[in-house]
Colleague: 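Below you'll find the structure I mean.
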Amino acid sequence: VNGGPPTSLCGTGNSIADMMLGYYSGVGGFVPGPLSPTNTADNPQTHVFNYFAPYVQDDWKVTQKLTLNLGLRWDYRAAAYETSNHFFWLDTTNPEGGLCYADPKLSTDGVAPGVGLNGGPILRYCGSVPHPGSKKPFAPRIGFAYRLSNKTVVRGGYGIFFDSAEGREIDDSADIYPYSIRNNLTPGSVSTLPKFSNQLFPSYSTLGPFPESTLSFIAVIESENPINPYVQSWNLSAEREVARNTTLEVNYIGTHSVHLLDRHDIAQANSIPASSLSFCQATDSAGNYTNITQAPCTVASRLPYPNFNGFYIDSDWHGYSHYNAMNINFKHRAGDLAVTSVFTWAKSMDDKSAA
């Protein structure tokens, strides 16, 4: 009312006003890095996906009773890339945790290789993509129809069908220093008011060695080992005319999917070894843990990649699913009316139903 700031830390009741005055618990998000565009908001990327899938098919009437359907598809997907090579992915050769980069300029402008927690490198130039797309995505299909009699037909088929992943899986591949920086700040980060200033969002215009601190959160970036997921599908059915204008069809349908997308936090600390539990749980006469600050009791000592001291959500292409079903279809037609009754019994199993 009097134009002055609130007299207590209760805040104003408006979240935006509270943030500007400094009464907030934390703020985070991507902020511009030294190589961020100066004439465009955010950190735009242009990802290129190339897909080529020729297909041939032939229907072969082997006999009056047997017909075969033969097909072959070649599902070639080139590895996605970014037009300006603003791309990062996991460097599997760095035991301390590091990133591969696609922009060769980082090798000469002082950003690479950076300095990790143990003094080793963080970045390594690995080319424009982790590895090129597979040249072997052949997807055969075969089907048959066999007429046992004028009233009974048996059909079956098998095929392989390749799939792809969402573009979302790589859209943070350049949201990393020096193209962008994920900032996480608290009121304690700045001692003076107002917080909503360049003190809260400091400038990162100075180009320097890659800072290990920017590896606190890595997610949805290019996979270091992208694999095309695919589905194997097969079916077998028998159809019989059981009465005039009345048919009964029994189907078996099965699918098996492999290389589906999973995600794992590869930066999560390993468990305390069973052989060390008694050491880490040792207490003194007052009940205080005595060895909790020593390895392997500390979280830091159990990190698989010390440089990734936060989160690294990595794409893993080893998901699977199984589906088996029986389908019974009864149809009857009479004049202008039709009756259809369908019964399905199915079992579906997978290790993850979505990314």
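Please read all numbers here as calculations on a predicted model, not as lab measurements.
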Colleague: May I have all residue pairs that pass salt bridge (Lys or Arg N to Asp or Glu O under 4.0 Å) and include part of residues 52-67, sequence neighbours excluded?
Modeller: none
Colleague: Would you indicate whether Q268, at its atom CD, is surrounded by more than 12 heavy atoms from other residues, nucleotides or ligands within a distance under 6.0 Å?
Modeller: no
Colleague: Could you list who else is in L117's hydrophobic cluster, with ILVMFWY side chains joined at under 4.5 Å, directly or through other members?
Modeller: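 None, because no other hydrophobic side chain comes under 4.5 Å of this residue.
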Colleague: Y179 vs D103, test: side-chain hydrogen bond (donor to acceptor under 3.5 Å, both in side chains). Steps then yes/no.
Modeller: CA-CA 11 Å; Y179 310 112; D103 186 356; 2.8 Å; yes
Colleague: Go through the structure and list residues passing side-chain hydrogen bond (donor to acceptor under 3.5 Å, both in side chains) with T246, not counting sequence neighbours.
Modeller: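 So T246 forms a side-chain hydrogen bond (donor to acceptor under 3.5 Å, both in side chains) with H332.
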Colleague: Quick one: does any side-chain atom of N251 pair with a main-chain N or O of I328 as donor and acceptor, under 3.5 Å?
Modeller: no
Colleague: Ignoring hydrogens and geometry, is there a side-chain-to-backbone donor-acceptor pair from Q45 to D171 under 3.5 Å?
Modeller: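 Flag set: sc Q45 to bb D171 pair under 3.5 Å.
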Colleague: Under 4.5 Å side-chain heavy-atom separation, chaining through any Ile, Leu, Val, Met, Phe, Trp or Tyr, what else clusters with I272? Say none if it is isolated.
Modeller: L277
Colleague: Which pairs count as salt bridge (Lys or Arg N to Asp or Glu O under 4.0 Å) when at least one residue sits in residues 286-310, sequence neighbours excluded?
Modeller: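 Of all non-adjacent pairs touching residues 286-310, none passes salt bridge (Lys or Arg N to Asp or Glu O under 4.0 Å).
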Colleague: If you measure only the distance, is there a donor-acceptor pair under 3.5 Å linking the side chains of T344 and N327?
Modeller: yes
Colleague: Taking the side chain as every heavy atom from C-beta outward, state whether R141 and Y55 have any atom pair closer than 4.5 Å.
Modeller: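 A side-chain contact exists here, since the closest heavy-atom pair is under 4.5 Å.
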Colleague: Below 3.5 Å, can you tabulate the donor-acceptor pairs from side chains in residues 333-343 to any protein atom, sequence neighbours excluded?
Modeller:
none

Colleague: Does anything in residues 83-101 form a salt bridge (Lys or Arg N to Asp or Glu O under 4.0 Å)? List the pairs, not counting sequence neighbours.
Modeller: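 Counting only pairs at least two positions apart or across chains, the salt bridge (Lys or Arg N to Asp or Glu O under 4.0 Å) contacts touching residues 83-101 are D91-R124.
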Colleague: Should H256 and Y320 be marked as a ring-ring contact (aromatic ring centres under 6.0 Å, His included) after you check the CA-CA gap, both sets of side-chain angles, and the distance that decides it?
Modeller: CA-CA 7 Å; H256 174 53; Y320 70 88; 7.5 Å; no
Colleague: Take H264 and D314 through the side-chain hydrogen bond (donor to acceptor under 3.5 Å, both in side chains) test and state the conclusion after the steps.
Modeller: CA-CA 5 Å; H264 293 123; D314 196 26; over 6 Å; no
Colleague: Only pairs at least two apart or in different chains count here, so list each salt bridge (Lys or Arg N to Asp or Glu O under 4.0 Å) that has a residue in residues 235-248.
Modeller: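 Qualifying pairs: R155-E239.
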Colleague: Looking at side-chain heavy atoms only, is the closest gap between N118 and N307 below 4.5 Å?
Modeller: no
Colleague: What pairs of donor and acceptor atoms, side-chain ones from residues 218-231 against any protein atom, are under 3.5 angstrom apart with sequence neighbours left out?
Modeller:
{"residue": "S223", "atom": "OG", "partner": "N225", "partner atom": "N", "Å": "3.1"}
{"residue": "S223", "atom": "OG", "partner": "W317", "partner atom": "NE1", "Å": "3.2"}
{"residue": "N225", "atom": "OD1", "partner": "H131", "partner atom": "NE2", "Å": "3.3"}

Colleague: Does any N or O in the side chain of N50 come within less than 3.5 Å of the main-chain N or O of A78, such that one atom is a donor and the other an acceptor?
Modeller: no
Colleague: Suppose clustering is done on Ile, Leu, Val, Met, Phe, Trp and Tyr with side-chain heavy atoms closer than 4.5 Å. Which residues sit in the same group as V299?
Modeller: L303
Colleague: Is there a donor-acceptor pair under 3.5 Å between the side chain of T108 and the backbone N or O of K105?
Modeller: yes
Colleague: Just so I know, are the side chains of N309 and E212 near enough to count as touching, which here means a heavy-atom distance under 4.5 Å?
Modeller: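 Yes, close enough: below the 4.5 Å cut-off.
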Colleague: Kindly list each side-chain donor-acceptor pair under 3.5 angstrom involving residues 158-165, sequence neighbours excluded, with atom names and distances?
Modeller:
{"residue": "Y158", "atom": "OH", "partner": "Q232", "partner atom": "OE1", "Å": "2.7"}

Colleague: Other hydrophobic cluster members with L72, side-chain heavy atoms of Ile/Leu/Val/Met/Phe/Trp/Tyr under 4.5 Å, chained?
Modeller: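 L72 clusters with F52, V56, W74, Y76, F138.
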